[in-house]
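Order of appearance sets the numbers: ligands from 1, and atoms from 1 within every ligand.
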Amino acid sequence: MPTHFRTCTLCEAMCGLAIEHDAAGRVLAIRGDADDVLSRGHICPKGVALMDVDADPDRLRRPLVREGTAWREVSWADAIARTVQGLRDVQQRHGRDAVAVYNGNPTVHSLGAMLFVPPFVRALRTRNRYSATSVDQLPHHVAAMHCFGHGMLLPIPDLDRTDFLLVLGANPAASNGSLMSAGDPVGRLKAIRARGGRIVVLDPRRTETAALADAHHFIRPGGDAALLLALLHVVLAEGLGRDNHLAPHLDGVDALRTLAADWPPERVVAATGVPADAIRMLARDFARAPRAVAYGRVGTSMQRFGTLCAWLVTALNAVTGNLDSEGGAMFTHPAIEVVRGARSRMGRWRSRVRGLPEFDGELPVAALAEEIDTPGEGQVRALVTQSGNPVLSTPNGARLDRALASLDFMVSIDFYLNETTRHAHVVLPPAGPLERDHYDLAFRALAVRDTARFSPALRARHKDERHDWELLAALAEQLGGDRRARWQVKVMRTLGPARLVDLALRTGPYGAGVLARGRTGLTLKALRAAPHGIDLGPLRPAFPARLRTANGRIDLAPAALVADIARLAAHVDGIGAATSAPGAGTTDAGGTLALVGRRELRSNNSWMHNAERLVRGKVRCTLLVHPADAAARGIADGDTVRVTSRTGTVEVPVQLSDAMMPGVVSLPHGWGHGRAGTRLGVAAAHAGASINDLTDDALVDEGSGNAAFSGVAVTVVRVGEARADAG
Ligand SMILES: Nc1nc2c(c(=O)[nH]1)N[C@H]1C(S)=C(S)[C@@H](COP(=O)(O)OP(=O)(O)OC[C@H]3O[C@@H](n4cnc5c(=O)[nH]c(N)nc54)[C@H](O)[C@@H]3O)O[C@H]1N2
Ligand SMILES: Nc1nc2c(c(=O)[nH]1)N[C@H]1C(S)=C(S)[C@@H](COP(=O)(O)OP(=O)(O)OC[C@H]3O[C@@H](n4cnc5c(=O)[nH]c(N)nc54)[C@H](O)[C@@H]3O)O[C@H]1N2
Ligand code: SF4
Ligand SMILES: [Mo]
């Protein structure tokens, strides 16, 4: 049986897959590739379910146009022409910015989309550009810009060599790691303890990752920035910060010390829920570990103080000598460079309605609905979505859902008719993920080891299908402004993704050069000859060469972030007094609870629920509630409850769990497939409810504009009758 080796493109772990198929390219089985240089055989159920996506009868294969609620297949030429016409009309009547673009998460997992989204966006010349970045990791980029001069200079935990891993708001045991691509992260976490190291987890839920740790502390949602300041307080006040190798590269240590002096552990106890002596002990243990690293992920970035968290994590690593050193937070040296352009920039323009700042050309997607539904000069009247499902993935998705229905024109590049794309006037479905060449441009640069790996297509796409990049290139060429831009797209399209990778490899830091055929070094040919990838070695020091700040030093006390501390102080000192704050009302039946999200192994954001093998079994879209909170509200395990926030209401079943911090409830995101007009048979039968019908588009991290999903105040009420009806 032929076996095809490729990298899984579903999550950041980049597992190597071994795919058995027949002569016609039909997939028979998928297992982990034991020889993959990064993942060493790891695989999860989603990787196997790629075969379901590949063969899914609900997947769209032909372009569709909508007439009322009916869909009609049209030719590619017709679909592209209608798209160009629809977008041009709106731009001619209402100006360029009247067309908005949203790129979803799978963009970053697609070589072709990564290469061809930029020219497509340039061709539209709109300032209304949005992506999943601002419901995810934007705070990390903003903090990196402030501290290191470039948004892509993201420090990665050196998992394989650390002696102490402090995890804030991440659950790699379910997510398989984020901004920390590691193949098998659980194996690597276990190895830390096996070699005598320690893992400490801070999370409002005692997660699957916490189960692998030496210690877990409940932390109140949004408490991380305050906790980090208290850790810095102890480290700096007790002189635990070693006079370390970073000293010549650091600016702002004194300013940081002055700032942290105001944050003794006692001040943050109410806001964090972590006892002062536990904070002191954690600070000392962390600082004294030979090699330690603090790591914060979505729990710290999808909240009101996300940018402060990302900055303070870096500050803690830096003052303890754990930045840019083995076993600490390090920078990658990828085969294809991602730190491009001189510096990142922010605030060159702002969103029309709320004035949220752009970052490197993108506006925060929390502002998209209001940009569509608020009349006036500059209103968004057309939308392009590409591999995104913002109705389920952005805050107050129900408002966006309504807003999309009011657009003059919408086009979606997507192979499912889902909660978002059902609003489109034209749907352009790309060929599937197994039918294209792949090189991970983003996540190879965010991994715990430097590696390179090329995945050829398992089989050619059907002649009546088109790849994402072919669609984007066609649109860019036809919409394109000046001759130079059109010429650029034409050259890129002629070369195609694989040869563009070859060029990037050859001209990259490990490259063989463009013409020097005899020289050793990376080329596409070399990668093709190494189907399990090429190992470029463990992370290595990068300072000061990789820094992009004006003075070539790290700024540990950026003025914009220091200024934002006042907002944190108001929050922290307010919570100390207020018992009405979210999460305070454990025993009071009317009290609000703080809502957080969660990921589980068998979901992939919103879009893999149409694979039967991933949704069968127990219902997973459940609200986890601590037994004490449940008892106070007369709620029993399995009851259906009504959860209500400022923006909306959902009904979901309850699962009692003493793994929850009292006062905090947890609901996974990506569900809510019960809306009319989708074509997702399996997902609709396991619909669940969308957490983003509860989250609030008004709540953002002010440092970045990233959605603040975590800690939304909700009331939870039992709805006994509904359950009785359901039998
Ligand atoms: N199986 C699966 N894997 C995935 C995905 C998926 O949907 N399913 N999605 C992928 C994507 S797009 C991403 S970005 C990554 C994300 O990867 P992770 O960052 O690991 O994401 P989560 O598993 O959601 O873990 C976030 C944790 O933060 C906690 N939390 C919530 N609020 C707070 C808070 O205020 N403070 C603290 N300290 N903790 C808090 C939650 O309880 C949760 O345990 O996962 C990727 N991998
Ligand atoms: N409350 C809450 N909300 C969240 C999160 C959370 O933790 N809590 N997590 C956030 C995070 S981290 C993220 S990254 C976002 C994700 O948010 P989005 O990117 O908006 O949504 P996805 O669910 O990833 O939807 C991906 C879409 O791409 C399509 N697709 C898949 N592969 C391809 C392809 O190759 N080509 C094309 N053209 N389409 C494809 C799928 O059919 C689907 O429609 O959600 C965010 N929303
Ligand atoms: S962990 Fe991620 S990369 Fe690995 S098989 Fe699962 S979905 Fe794919
Ligand atoms: Mo994400």
Quiz prompt | Distance-only N or O hit between ligand 2 and Asp414, under 3.5 Å | solution = yes
Quiz item: Are the aromatic rings of His109 and Phe443 close, with centres under 6.0 Å apart?
Solution: yes
Quiz item: Salt bridge between Asp414 and Arg422, side-chain N to carboxylate O under 4.0 Å?
Solution: no
Quiz item: Is any side-chain N of the basic residue among Arg493 and Glu470 closer than 4.0 Å to the acidic one's carboxylate O?
Solution: no
Exercise. Just jot down the ligand 3 atoms closer than 4.0 angstrom to any heavy atom of Cys8, in number order.
Key: 3 (S), 5 (S), 7 (S), 8 (Fe)
Self-check item: Sub-4.0 Å heavy-atom contact, Pro106 with ligand 2
Solution: yes
Quiz item: Considering only heavy atoms of Tyr416, which atoms of ligand 2 have at least one such atom less than 4.0 Å away?
Solution: 42 (O)
Self-check item: Protein heavy-atom partner closest to atom 3 (S) of ligand 3 - residue, atom, separation in Å
Solution: Cys15 N, 3.4 Å
Quiz item: Going by heavy atoms in the side chains, are Arg449 and Asp535 under 4.5 Å from each other?
Solution: yes
Practice problem: Look at the N, O or S atoms of Cys11, main chain and side chain alike, and state whether any lies under 2.8 Å from atom 2 (Fe) of ligand 3. | Solution: yes
Quiz item: Can you check whether His532 and Phe5 have ring centres sitting under 6.0 Å from each other?
Solution: yes
Quiz item: Quick one: which of Val596, Thr695, Asn692, Asp468 has a heavy atom closest to atom 38 (N) of ligand 2?
Solution: Asp468
Quiz item: For ligand 3, which atoms sit closer than 4.0 Å to a heavy atom of Asn176?
Solution: 1 (S)
Quiz prompt | Student check: side-chain heavy atoms of Thr695 and Thr647 closer than 4.5 Å | solution = no
Quiz item: Just which atoms of ligand 3 are under 4.0 Å from any heavy atom in Met14?
Solution: 3 (S)
Exercise. For Lys46, counting its heavy atoms only, list the atoms of ligand 3 lying under 4.0 Å from any of them.
Key: 7 (S)
Quiz item: Would one find an N or O of Ile413, backbone or side chain, under 3.5 Å from an N or O of ligand 2?
Solution: yes
Practice problem: Say whether, by atom type as modelled, one donor and one acceptor occur between the side chain of Arg444 and the main chain of Asp450 under 3.5 angstrom. | Solution: no
Quiz prompt | From Ser134, Ala431, Ser606 - option closest to atom 25 (O) of ligand 2 by heavy atom | solution = Ser606
Self-check item: Option with minimal heavy-atom separation from atom 46 (C) of ligand 2, where the choices are Ser393, Ser301, Gly397, Gly670
Solution: Ser393
Quiz item: Any donor and acceptor pair, going by atom type alone, linking the side chain of Thr592 with main-chain N or O of Thr715 inside 3.5 Å?
Solution: no
Quiz prompt | Protein contact to atom 10 (C) of ligand 2 [nearest heavy atom, distance to 0.1 Å] | solution = Val135 O, 3.3 Å
Quiz item: Of Gly597, Gly104, Ser387, which has the heavy atom at the shortest distance from atom 27 (C) of ligand 2?
Solution: Ser387
Quiz item: In terms of atom number and element, which parts of ligand 2 are under 4.0 angstrom from non-hydrogen atoms of Asn418?
Solution: 43 (C), 44 (O)
Quiz item: Which ligand 2 atoms are under 4.0 Å away from a heavy-atom of Tyr102?
Solution: 17 (O), 18 (P), 19 (O), 20 (O)
Quiz item: Below 4.0 angstrom, N of the basic side chain to O of the carboxylate: do Asp54 and Arg459 qualify?
Solution: yes
Quiz prompt | Element-labelled atoms of ligand 3 that are located less than 4.0 Å from some non-hydrogen atom of Leu10 | solution = 7 (S)
Quiz prompt | Per-atom contacts of ligand 2 with Ile691, taking only distances under 4.0 Å to non-hydrogen atoms | solution = 1 (N)
Quiz item: Among Arg602, His673, Arg620, which one satisfies side chain to side chain donor-acceptor pair (under 3.5 Å) with His609?
Solution: His673
Practice problem: Indicate yes or no for a side-chain donor-acceptor contact from Thr107 to the backbone of Gly104 under 3.5 Å, with no hydrogens or angles considered. | Solution: yes
Quiz item: What do you reckon, does Arg599 put a non-hydrogen atom under 4.0 Å from ligand 2?
Solution: yes
Practice problem: Examine ligand 2 and decide if any of its atoms is less than 4.0 Å from a heavy atom belonging to Ser110. | Solution: no
Self-check item: Residues Asp696, Arg646: salt bridge by 4.0 Å N-O rule
Solution: yes
Exercise. Using a 4.5 Å cut-off on heavy atoms from C-beta on, say whether the side chain of Cys309 contacts that of Gln303.
Key: yes
Self-check item: 4.0 Å heavy-atom contact, Arg297 with ligand 2
Solution: no
Quiz item: Would you say Cys44 has an N, O or S atom lying under 2.8 Å from atom 6 (Fe) of ligand 3?
Solution: yes
